[in-house]
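Okay, structure first, notes after.
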Amino acid sequence: MRDESLIKDMSRILLEFNDTVEKYFSESTRLSEALSSIVTSSSDGERLQNGEKALDCIFDTYEHLFNFERILTDLISLEMIKNRVQAMTSKFISKVRTQKEVLGELEKNIKNYLKVSNNSDLLEVAMKDLLKSSDVFNKNVMETKKESENLTSLLRERYEKVRLGKSHYI
């Protein structure tokens, strides 16, 4: 009975995690494209439109990061969790929290860039800040991708062992 409940919980967590991974990376790609469009926009109207698109993407990306935290907190709260799974899960949650901070900085720099778009002296500085925070964001996305692949692989392995009766622990 206990294994059935664990299998059910693990199945739900894996499905939700994989769904969130897919949505997160899709939204991160949209955000990267919007950021590129902001910088290459030739008019203030285009710049503003692409900036709004980027800010919308940031909002959606935050939502996926909060979902990661919720899902992985559910995982950690399961009784039958091994230290290795708990350690990787905690590491991923830490990565998600870092990414939220990076998004906050990126959001601030987008708003600042849009605010000073009519002032050529300030625009150059704002563009540098925006490009820097964009690079940090993209670097963190790649790190998150690697961590999510490692965690997914481990969770699938542990799920299969529990499902096949080879283990009673995640």
Side-chain angles (χ1 to χ4, degrees), residues 1-36 38 51-111 129-170:
M1 183 67 171
R2 183 182 234 178
D3 284 350
E4 288 177 25
S5 177
L6 185 58
I7 291 168
K8 181 180 172 186
D9 288 339
M10 279 297 298
S11 177
R12 177 188 55 79
I13 288 169
L14 270 169
L15 287 172
E16 288 179 7
F17 184 76
N18 289 333
D19 183 55
T20 303
V21 165
E22 187 178 311
K23 289 176 181 176
Y24 168 77
F25 289 114
S26 174
E27 200 61 44
S28 295
T29 299
R30 284 187 57 230
L31 177 54
S32 292
E33 291 167 357
L35 290 169
S36 294
I38 292 171
E52 291 300 321
K53 180 180 174 185
L55 292 171
D56 286 344
C57 290
I58 285 176
F59 176 77
D60 292 340
T61 303
Y62 270 127
E63 183 180 332
H64 302 309
L65 292 171
F66 283 112
N67 280 339
F68 276 136
E69 252 187 298
R70 179 190 54 77
I71 293 163
L72 296 177
T73 301
D74 286 353
L75 174 64
I76 288 176
S77 72
L78 295 177
E79 259 179 51
M80 310 300 281
I81 189 167
K82 285 191 165 206
N83 288 342
R84 181 170 166 224
V85 173
Q86 190 165 12
M88 283 186 77
T89 302
S90 295
K91 183 178 178 183
F92 192 85
I93 289 172
S94 177
K95 174 56 69 185
V96 164
R97 289 178 179 157
T98 299
Q99 189 68 331
K100 282 195 246 180
E101 292 171 13
V102 168
L103 271 179
E105 185 69 19
L106 183 58
E107 180 180 13
K108 180 186 87 170
N109 287 331
I110 290 169
K111 288 177 179 177
D129 290 344
L130 178 59
L131 291 173
K132 181 180 175 185
S133 59
S134 178
D135 288 344
V136 171
F137 169 76
N138 288 325
K139 178 182 173 243
N140 275 315
V141 168
M142 295 310 297
E143 291 172 3
T144 303
K145 182 175 177 70
K146 180 182 157 206
E147 294 294 325
S148 71
E149 289 169 352
N150 291 340
L151 184 56
T152 298
S153 177
L154 178 62
L155 292 177
R156 282 188 183 138
E157 172 191 315
R158 298 305 313 159
Y159 171 76
E160 283 302 312
K161 285 187 177 183
V162 171
R163 190 179 66 78
L164 296 172
K166 294 181 179 180
S167 178
H168 301 288
Y169 298 94
I170 303 170

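Scope of the values below: all heavy atoms of this structure, side chains included, with no hydrogens, waters or symmetry mates.
- Other residues, nucleotides and ligands contribute more than 12 heavy atoms inside 6.0 Å of the NZ atom of Lys100.
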What donor-acceptor contacts under 3.5 angstrom involve side-chain atoms of residues 129-139, with partners at least two apart or in another chain?
from	atom 1	to	atom 2	distance (Å)
Ser133	OG	Asn109	ND2	3.1
Ser133	OG	Asp129	O	3.1
Ser133	OG	Leu130	O	3.1
Asn138	OD1	Ser32	OG	2.7
Asn138	ND2	Ser134	O	3.2
Lys139	NZ	Glu143	OE2	3.4

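- Note that NZ of Lys166 is 10.5 Å distant from CD of Glu157, once rounded to the nearest 0.5 Å.
- Within the structure, every pair that satisfies the ring-ring contact (aromatic ring centres under 6.0 Å, His included) test and touches residues 86-107, not counting sequence neighbours, is listed here: Phe17-Phe92, Phe68-Phe92.
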Mind listing the side-chain donor-acceptor pairs of residues 51-59 below 3.5 Å, one per line with the distance, residues two or more places apart or on another chain?
none

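- Taking CG of Leu103 as the reference point, atom OG1 of Thr98 lies at 11.5 Å (rounded to 0.5 Å).
- With rounding to the nearest 0.5 angstrom, the CD atom of Glu147 is 12.0 Å from the CD atom of Gln99.
- Annotation: the span from Thr89 atom OG1 to Leu154 atom CG amounts to 7.5 Å, rounded to 0.5 Å.
- Look at Lys111 and Glu107 and you find a salt bridge, because one of the NZ, NE, NH1 or NH2 atoms lies within 4.0 Å of a carboxylate O, short of that distance.
- A side-chain donor-acceptor contact under 3.5 Å links Asn18 to the backbone of Leu14.
- Residues meeting the side-chain contact (heavy atoms from CB on, under 4.5 Å) test with Ser36, sequence neighbours left out: none.
- The shortest non-hydrogen separation linking Glu69 to Val96 is CG-CG1, 4.2 Å.
- No donor-acceptor distance shorter than 3.5 angstrom exists from the side chain of Ser11 to the backbone of Ile7, with no hydrogens or angles considered.
- Using modelled atom types, one side-chain atom of Tyr62 and one backbone atom of Gly104 make a donor-acceptor pair closer than 3.5 Å.
- Ion pairing between Lys23 and Glu63 fails under the 4.0 Å rule for side-chain N and carboxylate O.
- Side-chain atoms of Met10 and Val162, non-hydrogen and from C-beta on, never get closer than 4.5 Å to each other.
- For Glu160, the side-chain hydrogen bond (donor to acceptor under 3.5 Å, both in side chains) criterion is met by Arg163, not counting sequence neighbours.
- Using a distance-only test at 3.5 Å, with no hydrogens or angles considered, no donor-acceptor pair links the side chain of Ser153 to the main chain of Glu149.
- With sequence neighbours left out, Arg30 forms a side-chain hydrogen bond (donor to acceptor under 3.5 Å, both in side chains) with Glu27.
- Once rounded to the nearest 0.5 Å, the distance linking OG of Ser94 with CG of Leu72 reads 12.0 Å.
- In this structure, Ser90 contributes its side chain and Ala87 its backbone to no donor-acceptor pair below 3.5 Å.
- Remark: Leu155 CG to Leu75 CG distance equals 5.5 Å, nearest 0.5 Å.
- The neighbour count for Glu22 CD, taken as heavy atoms of other residues, nucleotides or ligands under 6.0 Å away, does not exceed 12.
- Heavy atoms only, all atoms of each residue included: Val141 and Phe25 are closest at O-CE2, 3.6 Å.
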